[in-house]
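One structure is given here, and the rest of the page talks about it.
Below, each value reflects all heavy atoms present in this structure, side chains not excepted, and no hydrogens, waters or symmetry copies.
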Amino acid sequence: MKYQSQRGVALVITLIMLSVITFLTVAFLAISRRDRASVTTSLNQTDARFMADTALARLQAEITARVMSQDSLFSYDLMMTRNFINPQGFDPANAVRTNLTNVNYDYYTTTGTPLNRDDHAQNIANLFYDPRPPVFVRTNTNADLDFRFYLDNNRNSRFETNGMQPIVIDELGNTNGLFADFLGEPEWIGVLQNPESPHSPTNRFIGRYLYVALPIGKTLDLNHIHNYAKGDINLPRIMNAGDGFLRNQGFGSWELNLGGFLADLNTNAYVRDATIQYEYLPDVSSGAFANRGDAFQDALSFLSFRYRGNYDNIASVSGSFPAVGATAFRRDLIDGYSTRPVLVSPFANVTDPDSDPNDLTGQPWAGSNSRTNYLDPQELFDPTKTSPAFVQRLTNSVARTNSYDRYTFQRLLEQIGTGSEPEVLGKININYTNNPAVNRVSTNFVDWTPLQFFTNVAQ
């Protein structure tokens, strides 16, 4: 009887030990799987960071090369990555079959005849110079896998090619016999595990990168263009009665006409008819109110997003600058508010319109920071940040076949961006006081004192 009870105790102990071992095994496997996923995520993040660093280094080299070759610090504009592809197509002839410049996924780029399986494999083996890795993805608009070797910047689900191309003049694909150097869409460049050798089963692609570089100093900025100066004269502060742009002395970037820019960007989207599509009405004394036309309406939608729909949402000069700055602003012989009197001749403003006691420095000022900023040109496709009408005009244009309409977004990127917003508040302006303790913007009026500058930098 005692022997049987001992066997029962031993069985219970054995089962408990098996349970503990099973628990520890499951726990170990769970922790190992979690750690493996964590390590994989960390490796992917490291690869992504290296790809970003590679793209930045490549861009810096490209800019430096242009500056040195042209002997000018301004010899660069909108830049983006391009793959190396033989424009004549892949040549299956044995004499050049394995040449590293014999790279194209089609036999002839004009007809788009795809490669057979053997030639496709050889084409991949030839990838070496700025290679276009074969990455296929499932897009939202197509159930089939899509060879997405480019960034669809203008969202028309088509590739806008780069380089010298024939100018297409209509929707039938006819050309006029002329060529132009088109700047299309950025293309992904693959990074090989061993960049000194072509692609092979033992030399895989470990990542890819692309960049779009828009020079800040050579473009307009959506966050610092256009105004609603007529809101100080005869338009309601709630921006629902039409465009209120007014140009006077051209003092600041806010006196640049965004409506005029849009009208000239694509004359097919904004037909130039002085009585319907584009009418700028500068003479406010005659009773004219809002500027008229689609281009001005779209410009107003941009400004309304920045001001959150109300002209009173932006700061005044008096609210932005200290008293000495507001006083200097009134006495600088410049109409910084762009309102009155409207400059109709070179000699109309012989005295400073801002020097009278009814100066507007307590009113909203178009030169102050916007309440909401554009951070990425892709936001232009968001109708809540522009307008449904503008998005429709843009998407209709880039969906067409003729070169002028199809490359509308690329022309826009070459001329306007979102990058020149001031640095984050809290940084030290080296020229003028911007004490972060009081959240003050930098000015052209108040100098640092030596002690104040030193203590703020140290802080």
Between [X] and [Y], which heavy-atom pair has the shortest distance, and what is it?
X	Y	result
A299	L262	N-CD1, 4.0 Å
A213	P215	O-CD, 3.8 Å
S368	I314	OG-CB, 3.7 Å
L235	D243	CD1-O, 3.8 Å
P134	L127	CD-CD1, 4.2 Å
K385	E379	NZ-OE2, 2.6 Å

[Y] side chain reached by [X] side chain, heavy atoms, under 4.5 Å:
X	Y	answer
R148	V135	no
I206	L192	no
F128	N126	no
R66	D77	no
N266	R411	yes
T386	F302	yes
F90	V103	no
D221	I416	no

Residues S338, W254; criterion side chain to side chain donor-acceptor pair (under 3.5 Å); working and verdict: CA-CA 9 Å; S338 316; W254 56 90; 3.2 Å; yes
Ring centre gap for F205 and H199 strictly below 6.0 Å: yes
Ring centers of F296, Y278 separated by less than 6.0 Å: yes
Stepwise side chain to side chain contact (heavy atoms under 4.5 Å, CB included) test for N223 and T418: CA-CA 7 Å; N223 297 311; T418 60; 4.3 Å; yes
Relative to each other, are the rings of [X] and [Y] parallel, tilted or perpendicular (30° and 60° limits)?
X	Y	answer
Y337	W365	tilted
F147	Y105	perpendicular
Y209	Y211	parallel

Roughly how far, to the nearest 0.5 Å, is [atom2] of [Y] from [atom1] of [X]?
X	Y	atom1	atom2	value
L210	L59	CG	CG	11.5 Å
H226	R306	NE2	CZ	9.0 Å
M68	L73	CE	CG	11.5 Å
L380	L222	CG	CG	5.5 Å
E185	L413	CD	CG	10.0 Å
D47	M51	CG	CE	6.0 Å

Within the distance-only criterion (no hydrogens, no angle test), does the side chain of [X] pair as donor or acceptor with the backbone N or O of [Y] below 3.5 angstrom?
X	Y	value
Y404	T267	yes
N86	N102	no
S301	D298	yes
N123	N104	yes
N227	L246	yes

Ring-face cation of [X] near [Y] (centre distance under 6.0 Å, axis angle within 45°):
X	Y	answer
R237	Y311	no
R82	F84	no
K218	Y76	yes

For [X], look at atom [atom1] and say whether over 12 heavy atoms of other residues, nucleotides or ligands are found less than 6.0 Å away.
X	atom1	value
R155	CZ	yes
E171	CD	yes
D71	CG	no
I238	CD1	no

Is it true that the side chains of [X] and [Y] contain a donor and an acceptor less than 3.5 Å apart?
X	Y	answer
D405	N268	yes
D382	Q378	no
N162	E187	yes
D119	Y107	yes
E160	N154	yes

Verdict with reasoning, E279 to N291, per side chain to side chain donor-acceptor pair (under 3.5 Å): CA-CA 6 Å; E279 188 172 11; N291 304 308; over 6 Å; no
CA sep, side-chain torsions, deciding dist, call: N310, N313, side chain to side chain donor-acceptor pair (under 3.5 Å): CA-CA 6 Å; N310 193 321; N313 281 336; 5.1 Å; no
Test log, rule ring pair (Phe, Tyr, Trp, His ring centres under 6.0 Å), inputs Y270 and F390: CA-CA 10 Å; Y270 300 97; F390 172 80; 7.5 Å; no
Test ring pair (Phe, Tyr, Trp, His ring centres under 6.0 Å) applied to Y228 and F245, step by step: CA-CA 5 Å; Y228 191 73; F245 172 80; over 10 Å; no
Trace of the side chain to side chain contact (heavy atoms under 4.5 Å, CB included) decision for V168 with T401: CA-CA 7 Å; V168 179; T401 302; 4.2 Å; yes
